[in-house]
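Heads up: the structure comes next, in structure tokens.
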Amino acid sequence: MPKHGHHPYHLVDMSPWPLTGSISAMMVTTGLVKWFHQFNMDLLLLGLLTTILTMYQWWRDITREGTFQGMHTDKVVTGLRWGMILFITSEVLFFFSFFWTFFHSSLSPTVEIGTCWPPLGIQTFDHLSIPLLNTSVLVASGVTITWSHHAIQEAKLTQAIQGLALTVILGVYFTILQALEYVEATFTIADSVYGSTFFVATGFHGLHVIIGSLFLMVSLLRLKMNHFSSTHHFGFEAGAWYWHFVDVVWLFLYISIYWWGG
């Protein structure tokens, strides 16, 4: 790490990971096109492999900087906090577009779908069955991760690990339940605008749950390795913020798509 004693912010060494990450992302998107048109997944799999390797090594370097080299000062952590806040804001706008599409289609159904909502022939899910169970699972996970967060702030390592482990288990359980729900669905993404909006909105949320679960799994591993202290644990805190965002989005999905829209 170069010496930048006159700067109150973080300047990192030259890193290959932004370059390999961008090349990997291009390989993934190009590989998807190749898969769709030529039914060949070679480039897609190579792009996913290089993306995973880049992610692992990039995050390894950041963990090393913040945990062992002491580069994440208060000023640096403030910058990281704002970066996470802006990222979550962009995710809010991402899901806002899905809700906009759903309400636009449901409040003014066209003649092509029978001028009614849900469209003719669509058998929706019972909002009091698996969707309600999933809601209770995510609400419970919000409680357990808050418990873990407070335990870290109070330097109660055992309770922090227990709360975070329960959160990860609940996140995996949610994913399993949603997969079962998809298997039992009587409609597909190709069944009118209802199928499209339902599977795109809930599917992207499910992807975010998987990402959040991986985020918290890494935080759990770091917690067991004593990477966090009561005053220096933004790696965990960012994961907790992301998980609360996932919780809130699901509540809106449940109320609007499963309950009101169904």
- side chain to side chain contact (heavy atoms under 4.5 Å, CB included) evaluation trace for L44 with K34: CA-CA 8 Å; L44 174 61; K34 184 179 180 183; over 6 Å; no
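- Tested against F102, the residues W117, F96, F198 include a single ring pair (Phe, Tyr, Trp, His ring centres under 6.0 Å) partner, W117.
- By the criterion of side-chain heavy atoms lying less than 4.5 angstrom apart, applied directly or through intervening Ile, Leu, Val, Met, Phe, Trp or Tyr residues, L220 is grouped together with W241 in one hydrophobic cluster.
- When hydrophobic clusters are built by joining Ile, Leu, Val, Met, Phe, Trp and Tyr residues whose side-chain heavy atoms come closer than 4.5 Å, directly or via intermediates, V172 is grouped together with V246.
- Considering only residues two or more places apart in sequence or on other chains, T50 meets the side-chain hydrogen bond (donor to acceptor under 3.5 Å, both in side chains) condition with S24.
- The hydrophobic cluster containing L45 does not contain I23, counting ILVMFWY residues as joined when their side-chain heavy atoms lie under 4.5 angstrom apart, directly or transitively.
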- Message: Does M27 form a side chain to side chain contact (heavy atoms under 4.5 Å, CB included) with L46? I'd like the steps, not just the answer.
- Response: CA-CA 8 Å; M27 291 168 63; L46 180 61; 3.3 Å; yes
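- Residues S148 and A160 come closest through the heavy atom pair OG-O, 2.7 Å.
- Judged by distance alone, the side chains of H150 and Q159 never bring a donor and an acceptor atom under 3.5 Å apart.
- Here the two rings, on H227 and F68, have centers that are under 6.0 Å apart.
- With values rounded to the nearest 0.5 angstrom, L157 atom CG is found 8.5 Å from I152 atom CD1.
- Aromatic ring centres of W259 and Y254: separated by at least 6.0 Å.
- T110 meets the side-chain hydrogen bond (donor to acceptor under 3.5 Å, both in side chains) test with E112; sequence neighbours excluded.
- A ring pair (Phe, Tyr, Trp, His ring centres under 6.0 Å) with H205 is found for exactly one of F245, F99, F174, F252, namely F174.
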Can you give each donor-acceptor pair under 3.5 Å made by side-chain atoms of residues 119-139, sequence neighbours left out, with the distance rounded to 0.1 Å?
{"from": "T124", "atom 1": "OG1", "to": "G262", "atom 2": "O", "distance (Å)": "3.2"}
{"from": "D126", "atom 1": "OD1", "to": "L128", "atom 2": "N", "distance (Å)": "3.1"}
{"from": "S129", "atom 1": "OG", "to": "D126", "atom 2": "O", "distance (Å)": "2.7"}
{"from": "T135", "atom 1": "OG1", "to": "P131", "atom 2": "O", "distance (Å)": "2.8"}
{"from": "T135", "atom 1": "OG1", "to": "W250", "atom 2": "NE1", "distance (Å)": "2.9"}
{"from": "S136", "atom 1": "OG", "to": "L133", "atom 2": "O", "distance (Å)": "2.6"}

- Is there a ring pair (Phe, Tyr, Trp, His ring centres under 6.0 Å) between F103 and W260 once you walk through the steps? CA-CA 10 Å; F103 283 111; W260 180 84; 5.4 Å; yes
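- Side chains of T67 and R222 form a contact here, defined as non-hydrogen atoms less than 4.5 Å apart.
- When only modelled atom types and interatomic distance are considered, T167 and W243 share no side-chain donor-acceptor pair under 3.5 Å.
- For E237, the salt bridge (charged side-chain N to carboxylate O under 4.0 Å, His left out) test picks out R81, with sequence neighbours left out.
- In this structure, the side chains of R64 and M71 stay at 4.5 Å or more apart for every pair of heavy atoms.
- For the residue pair T20/T54, the side-chain donor-acceptor check at 3.5 Å is satisfied.
- No path of Ile, Leu, Val, Met, Phe, Trp and Tyr side chains, each step under 4.5 Å between heavy atoms, connects V28 with M55, placing them in separate hydrophobic clusters.
- The CG atom of L164 sits 9.5 Å away from atom NZ of K224, with the distance rounded to the nearest 0.5 Å.
- T146 contributes atom OG1, which lies 8.5 Å from atom CG of D247 (distance to the nearest 0.5 angstrom).
- Partners of F199 under the ring pair (Phe, Tyr, Trp, His ring centres under 6.0 Å) rule, at least two apart in sequence or in another chain, are Y182, F187.
- Ring orientation note: the planes of H149 and H233 are nearly perpendicular, at an angle over 60° on the 30°/60° scale.
- F98 meets the ring pair (Phe, Tyr, Trp, His ring centres under 6.0 Å) test with F94, F95, F204; sequence neighbours excluded.
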